[in-house]
Amino acid sequence: MNSKPSIYGLTLEALSEWLTQNGEKKSRAAHIWKALYTERVSDFSQMTAVNAACLELLQERFSLNTMTQFVKQEASDGTVKFLLQLHDGSLIETVLMRKKYGLSVCVTTQVGCNIGCSFCASGLIKKSRDLTAGEIVEQIMTVQHYLDAAGKNEKVTNIVVMGIGEPFDNFEHLIHFLDVVKDRKGLAIAAKRITVSTSGIPDKIRAFADLGTQTHLAISLHAPNNDLRTRIMMINRAFPLEKLMDAVRYYLDTTGRRIMFEYILLSEVNDSRETAEQLADLLDEFKDLASINLIPYNPVDEHSQYQRSTPEAINGFYDVLKKRGINATVRMEHGTDIDAACGQLRSKQIRKDEKARKGTSAAV
């Protein structure tokens, strides 16, 4: 597979500079940009407004297709999960979700994850590398090309950076990705339609606040005290709640923007009314600028110690938060009839491949 860098990793400004440095007219960047994001070509040869010499240079230095579709799962609610293979053989997941407000794509930022959440399928395979900005943008383009092929004139309207990996552990490429997808001359995805989720790296939360990206921030919290959070999220050992909440205060003071906390409900682990009261205490000072998204757990085979909370437990937890004045919602589920949990399809495919290899070795 092509190992040349993805052209999608260049911002319009960077593309203009690159053309100038390579003896081409800066003005050609606009034609290339339009071909990529408005005409959405799948091959450099389809860039009819770009001269042959420039096209040859682009083909020599960049790739339009650094990943291929390995598996695609489609759910009855219209959710589509793509398992994509990168140029080095690595597998990542990208998900298209149909929502009332538009078409949302969940992107991956790393091959594997080192955060160590004990309930999560993404962390079953340790991180091997970061994705480049181009590889993250190309996930959006893969979904957009899928929509274009369906011929219904549909367009990606929203992005959530909540796939495999910790986005803030790949900070530079994340920011370049955001710059590309927000560009008004390209995909033009408004900042208010993008949410970046982090498990909580305080210095990067502060850096994100300082950049003023105008995108939404979500914090994967999942527990209201250090003992419980450390038990289910290894990152809490390095960044306990005191450090995390200090960074949250900085973010809110700096940006004035609302922040969302994500909370996966695990049966008889973090879903009691007492735990809900602790959570309300923790978030009380932020309640004017914060909301909490309660997420029913999608069970993972390898984490059989965790089960989905009962509807009664979910409703009870929600009721406590609402009575305490905390803005809470229960996430609407998508793709429940496919491998819904983040990283689940990838881990299943890897296990399947390993089993096949062992079978072949035994046969030999």
Side-chain angles (χ1 to χ4, degrees), residues 1-72 82-94 105 107-112 127-146 148-149 156 159 161 163-165 167 169-183 185-187 346:
M1 200 180 300
N2 202 328
S3 61
K4 289 182 286 190
S6 173
I7 194 170
Y8 294 122
L10 296 176
T11 61
L12 180 55
E13 181 182 359
L15 177 59
S16 299
E17 291 176 0
W18 184 87
L19 288 168
T20 302
Q21 292 169 0
N22 285 271
E24 291 291 335
K25 293 181 180 178
K26 184 177 182 179
S27 59
R28 292 206 169 100
H31 299 299
I32 297 169
W33 201 256
K34 181 180 179 181
L36 290 174
Y37 298 110
T38 303
E39 299 168 3
R40 297 192 285 276
V41 300
S42 57
D43 190 271
F44 286 116
S45 63
Q46 297 171 348
M47 294 183 175
T48 54
V50 182
N51 68 30
C54 186
L55 283 180
E56 185 177 349
L57 185 62
L58 291 173
Q59 289 174 321
E60 179 185 323
R61 301 290 289 276
F62 298 105
S63 175
L64 261 176
N65 304 290
T66 68
M67 56 187 69
T68 58
Q69 181 180 298
F70 196 79
V71 175
K72 181 179 70 180
F82 299 85
L83 185 65
L84 304 173
Q85 187 171 48
L86 308 182
H87 69 86
D88 58 2
S90 300
L91 297 173
I92 62 169
E93 292 182 2
T94 305
V105 176
V107 297
T108 284
T109 55
Q110 296 179 315
V111 178
K127 171 190 163 183
S128 58
R129 70 174 178 89
D130 292 326
L131 294 190
T132 66
E135 288 173 320
I136 307 174
V137 175
E138 194 171 336
Q139 293 173 65
I140 301 295
M141 298 310 299
T142 295
V143 175
Q144 186 58 58
H145 287 148
Y146 164 83
D148 291 342
V156 174
I159 297 173
V161 188
I164 298 169
D169 191 33
N170 188 14
F171 195 78
E172 182 178 348
H173 288 293
L174 168 70
I175 300 305
H176 287 174
F177 158 75
L178 294 175
D179 288 341
V180 171
V181 297
K182 289 191 300 178
D183 193 294
K185 295 179 181 179
L187 290 174
R346 174 176 177 261

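Owing to the predicted nature of the structure, the values given are computational and were not obtained by experimental measurement.
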Check whether any side-chain heavy atom of F62 sits under 4.5 Å from a side-chain heavy atom of S6, and report yes or no.
no
Looking at G165 and T109, what are the two nearest heavy atoms and their distance?
C-OG1, 3.9 Å
Do any N or O atoms from the side chain of N170 and from the backbone of L131 form a donor-acceptor pair under 3.5 angstrom?
yes
d(L86 CG, L91 CG) to nearest 0.5 Å is 7.5 Å
Side chain to side chain donor-acceptor pair (under 3.5 Å) against K127, all qualifying residues, sequence neighbours excluded
D130, D169
CG of L187 to CD1 of I159, rounded to nearest 0.5 Å, is 7.0 Å
Looking only at heavy atoms, what is the nearest atom pair of A133 and F177, with distance?
CB-N, 3.9 Å
Under a 3.5 Å distance rule, please check whether T108 uses its side chain to pair with a backbone N or O of E93 as donor and acceptor.
yes
Would you say L19 and C54 make side-chain contact, with heavy atoms under 4.5 Å?
yes
N/O donor-acceptor pair under 3.5 Å between E135 side chain and T66 backbone
no
At what distance, to the nearest 0.5 angstrom, does CG of L57 lie from CZ of R61?
6.5 Å
Going by the salt bridge (charged side-chain N to carboxylate O under 4.0 Å, His left out) test, which pairs reach into residues 39-48, not counting sequence neighbours?
R40-D148
Spell out, as yes or no, whether a donor-acceptor pair under 3.5 Å connects the side chain of H173 to the backbone of T132.
no
D179 side, atom CG; L174 side, atom CG - distance, nearest 0.5 Å:
9.5 Å
Which distance, rounded to the nearest 0.5 Å, do you find between the CD of E56 and the CG of N51?
10.5 Å
Taking distance alone, no hydrogens or angles, what donor-acceptor pairs closer than 3.5 Å link side-chain atoms of residues 23-30 to residues at least two apart or in another chain?
| residue | atom | partner | partner atom | Å |
| --- | --- | --- | --- | --- |
| E24 | OE1 | R28 | NH1 | 2.6 |

Passes side-chain contact (heavy atoms from CB on, under 4.5 Å), W18 versus L58? Steps please.
CA-CA 10 Å; W18 184 87; L58 291 173; 3.9 Å; yes
I32 and M47 have their tightest heavy-atom pair at CG2-CE, 4.0 Å
Could you go through the side-chain contact (heavy atoms from CB on, under 4.5 Å) check for F44 and V50 one step at a time?
CA-CA 9 Å; F44 286 116; V50 182; over 6 Å; no
Could you go through the side-chain contact (heavy atoms from CB on, under 4.5 Å) check for L64 and L36 one step at a time?
CA-CA 9 Å; L64 261 176; L36 290 174; 3.4 Å; yes
Atom CG in L83, atom CD in Q69: separation rounded to 0.5 Å?
9.0 Å
Sub-4.5 Å side-chain heavy-atom contact between V137 and Y37
yes
So does Y8 get a backbone contact from the side chain of E138, meaning a donor-acceptor N/O pair under 3.5 Å?
no
Count the heavy atoms of every other residue, nucleotide or ligand shown that sit under 6.0 Å from CD of Q46, and state whether that count exceeds 12.
yes
Minimum heavy-atom separation for S42 and N65, please, with both atom names.
O-ND2, 3.2 Å
Please say whether more than 12 non-hydrogen atoms of neighbouring residues, nucleotides or ligands are located less than 6.0 Å from CD in E13.
no
Side-chain (K4) to main-chain (Q59) donor-acceptor, under 3.5 angstrom:
yes
